[in-house]
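Structure record follows, encoded as structure tokens.
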Amino acid sequence: MCLRSFRCSFCCIFVTLFTLFLCFILSIFLFWIIISPSSVKFQVTNASLTQFNLTNNNTTLKYKFKVNITARNPNNNVVVYYRRITAYAWYKDRYFATVNLAPFDQGHKNTTLLQEAVFEGQSSIRLGPKQIAEYNMERSVGIFNDLAVDLDVTIRAKFGRFKSGRFDPQFVKCRRLRVPLISNAKPTATFNVRRCSSPYFFQDRDDEG
């Protein structure tokens, strides 16, 4: 009789603990669904070139490339702290320059214009015959295609009262930019706003499968 009573008590305790555990897991899941932040959205609002010349038998690129990028935090309860922002410039999938932008803090429901990225100087670049032909055609038209800017950032995020540690999201990629070449202080064409692409922003790249 005592053994049966002990077994019943043990079963009740086990069922109770298991139920509490399931409730705890469910509450965490529901909490994450409720506070799960939407990804930050980036877009290039303006871009221009005042110099973009191939020299030294088409092996050296001399450039002055300016880019304005905005970041939109659509969340009600998330603050984003940008602790490092590195911008990389590309032409036809060939890297040619890097600049570091100023860190900043972004409140909820906020659109922020990042520090203007100004790439200026010269660097070696390897373009194939087809790409060089495209470059010559684009230069004659006054609009260069296939320019790109990638953003590599380190952030912290504040979810309500909880503040995360530092982590590095996947690269923000602003690709296929059609950028006008400014001649005699007058652009030959206007730049069309271009959205950037990025995976889910509030996840460290090393945590992804």
Side-chain angles (χ1 to χ4, degrees), residues 39-72 82-103 112-155 168-201 203-206 208-209:
S39 191
V40 175
K41 306 297 182 183
F42 294 82
Q43 64 178 12
V44 179
T45 58
N46 195 23
S48 64
L49 293 161
T50 51
Q51 184 180 26
F52 206 67
N53 302 322
L54 283 177
T55 62
N56 295 335
N57 198 26
N58 297 322
T59 61
T60 300
L61 179 66
K62 294 184 178 180
Y63 54 85
K64 187 170 184 180
F65 177 34
K66 296 182 179 181
V67 184
N68 290 325
I69 300 175
T70 61
R72 172 66 181 171
Y82 294 82
R83 291 295 172 253
R84 178 186 60 84
I85 309 171
T86 304
Y88 300 92
W90 305 75
Y91 177 61
K92 297 190 181 298
D93 296 326
R94 300 291 192 271
Y95 161 82
F96 66 86
T98 301
V99 296
N100 293 314
L101 306 183
T112 303
L113 176 65
L114 279 62
Q115 174 193 351
E116 184 178 50
V118 180
F119 304 92
E120 184 174 11
Q122 66 179 39
S123 65
S124 298
I125 191 169
R126 290 187 177 182
L127 298 176
K130 181 181 178 181
Q131 295 168 324
I132 293 173
E134 291 173 348
Y135 163 86
N136 290 328
M137 182 184 67
E138 292 164 5
R139 185 168 184 82
S140 66
V141 174
I143 300 177
F144 286 93
N145 300 317
D146 291 341
L147 280 151
V149 175
D150 292 347
L151 299 179
D152 179 16
V153 302
T154 297
I155 69 170
D168 302 317
Q170 288 285 357
F171 279 68
V172 177
K173 298 180 179 181
C174 309
R175 299 295 178 90
R176 302 295 178 258
L177 305 178
R178 299 183 74 250
V179 183
L181 178 66
I182 297 176
S183 178
N184 297 324
K186 294 182 180 180
T188 57
T190 58
F191 177 81
N192 294 321
V193 174
R194 182 77 175 177
R195 291 183 179 180
C196 306
S197 64
S198 64
Y200 186 61
F201 197 64
Q203 182 177 7
D204 192 278
R205 69 189 66 162
D206 292 334
E208 298 188 351

Assess the residue pair Asn68 and Leu113 against the criterion (side-chain contact (heavy atoms from CB on, under 4.5 Å)); give the C-alpha distance rounded to whole Å, side-chain angles, the decisive distance to 0.1 Å, and a yes or no. CA-CA 7 Å; Asn68 290 325; Leu113 176 65; 4.1 Å; yes
Within the structure provided, determine whether Tyr95 and Ser123 are in side-chain contact (heavy-atom separation under 4.5 Å). no
Working to the nearest 0.5 Å, report the span between CZ of Arg176 and CG of Asp146. 4.5 Å
For Ser198 and Ser39 the tightest heavy-atom approach is OG-OG, 4.5 Å
Are Leu151 and Leu114 packed together at the side-chain level, in the sense that at least one heavy-atom pair is separated by less than 4.5 angstrom? yes
Residue pair Asn58 / Leu127, side-chain heavy-atom distance below 4.5 Å: no
Return the set of residues passing side-chain contact (heavy atoms from CB on, under 4.5 Å) with Asn57 (not counting sequence neighbours), or none when no residue passes. none
When rounded to the nearest 0.5 Å, the distance separating OG1 of Thr45 from CD of Glu116 is 9.5 Å
So, the side chain of Arg94 versus the backbone of Arg126: is there a donor-acceptor pair under 3.5 Å, distance only? yes
Going by the side chain to side chain contact (heavy atoms under 4.5 Å, CB included) test, name the single residue among Val153, Val99, Thr154 that passes it with Ile85. Val153
Stepwise side-chain contact (heavy atoms from CB on, under 4.5 Å) test for Ile69 and Val149: CA-CA 10 Å; Ile69 300 175; Val149 175; 4.2 Å; yes
If I compare all heavy atoms of Arg178 with all of Phe191, which pair ends up nearest, and what's the gap? O-CD1, 3.2 Å
Would you say the side chain of Leu54 lies within less than 4.5 Å of the side chain of Ile125, judging by non-hydrogen atoms? yes
Do Gln115 side-chain atoms and Ala102 backbone N/O form a donor-acceptor pair below 3.5 Å? yes
Using a distance-only test with no angle check, is there a side-chain donor-acceptor pair under 3.5 angstrom linking Arg84 and Asn100? no
Show your working on side-chain contact (heavy atoms from CB on, under 4.5 Å) between Asp150 and Arg175 and close with a plain yes or no. CA-CA 8 Å; Asp150 292 347; Arg175 299 295 178 90; 2.9 Å; yes
For the student: nearest non-hydrogen atoms of Ala47 and Pro180, plus distance: O-CD, 3.6 Å
CG (Asn53) and CD (Gln122) are apart, to the nearest 0.5 Å, by 10.5 Å
Using the six-membered ring wherever Trp is involved, compare the ring planes of Tyr88 and Phe171 and label them parallel, tilted or perpendicular (cut-offs 30° and 60°). tilted
Where do Pro169 and Ile155 come nearest, in terms of heavy atoms and distance? CG-CD1, 3.9 Å
Could you please spell out the steps behind the side-chain contact (heavy atoms from CB on, under 4.5 Å) verdict for Asn145 and Glu134? CA-CA 9 Å; Asn145 300 317; Glu134 291 173 348; over 6 Å; no
Does Arg205 pair with Asp168 as a salt bridge, N-O distance under 4.0 Å? no
CG/Asn192 to CG/Asn46 distance, rounded to the nearest 0.5 angstrom? 10.5 Å
Taking the inter-plane angle between the rings of Tyr82 and Phe201 on a 0 to 90° scale, is it parallel (under 30°), tilted (30 to 60°) or perpendicular (over 60°)? tilted
With under 30° as parallel and over 60° as perpendicular, where do the rings of Tyr135 and Phe52 fit, or are they tilted in between? tilted
So do Lys173 and Ser197 actually touch side chain to side chain, heavy atoms under 4.5 Å? yes
Of all heavy-atom pairs linking Leu181 and Thr50, the shortest is CD1-C, 4.1 Å
Could you grab the distance from atom CD of Gln170 to atom CG of Asp204, nearest 0.5 Å is fine? 9.0 Å
Can you find a pair of side-chain heavy atoms, one from Val67 and one from Leu147, that are under 4.5 Å apart? no
Taking side-chain contact (heavy atoms from CB on, under 4.5 Å) as the definition, give me every residue that meets it alongside Ala89, ordered by chain and number, with sequence neighbours left out. Phe65, Phe96, Ala97, Phe119
Close side-chain approach of Arg195 to Lys41, heavy-atom, < 4.5 Å: no
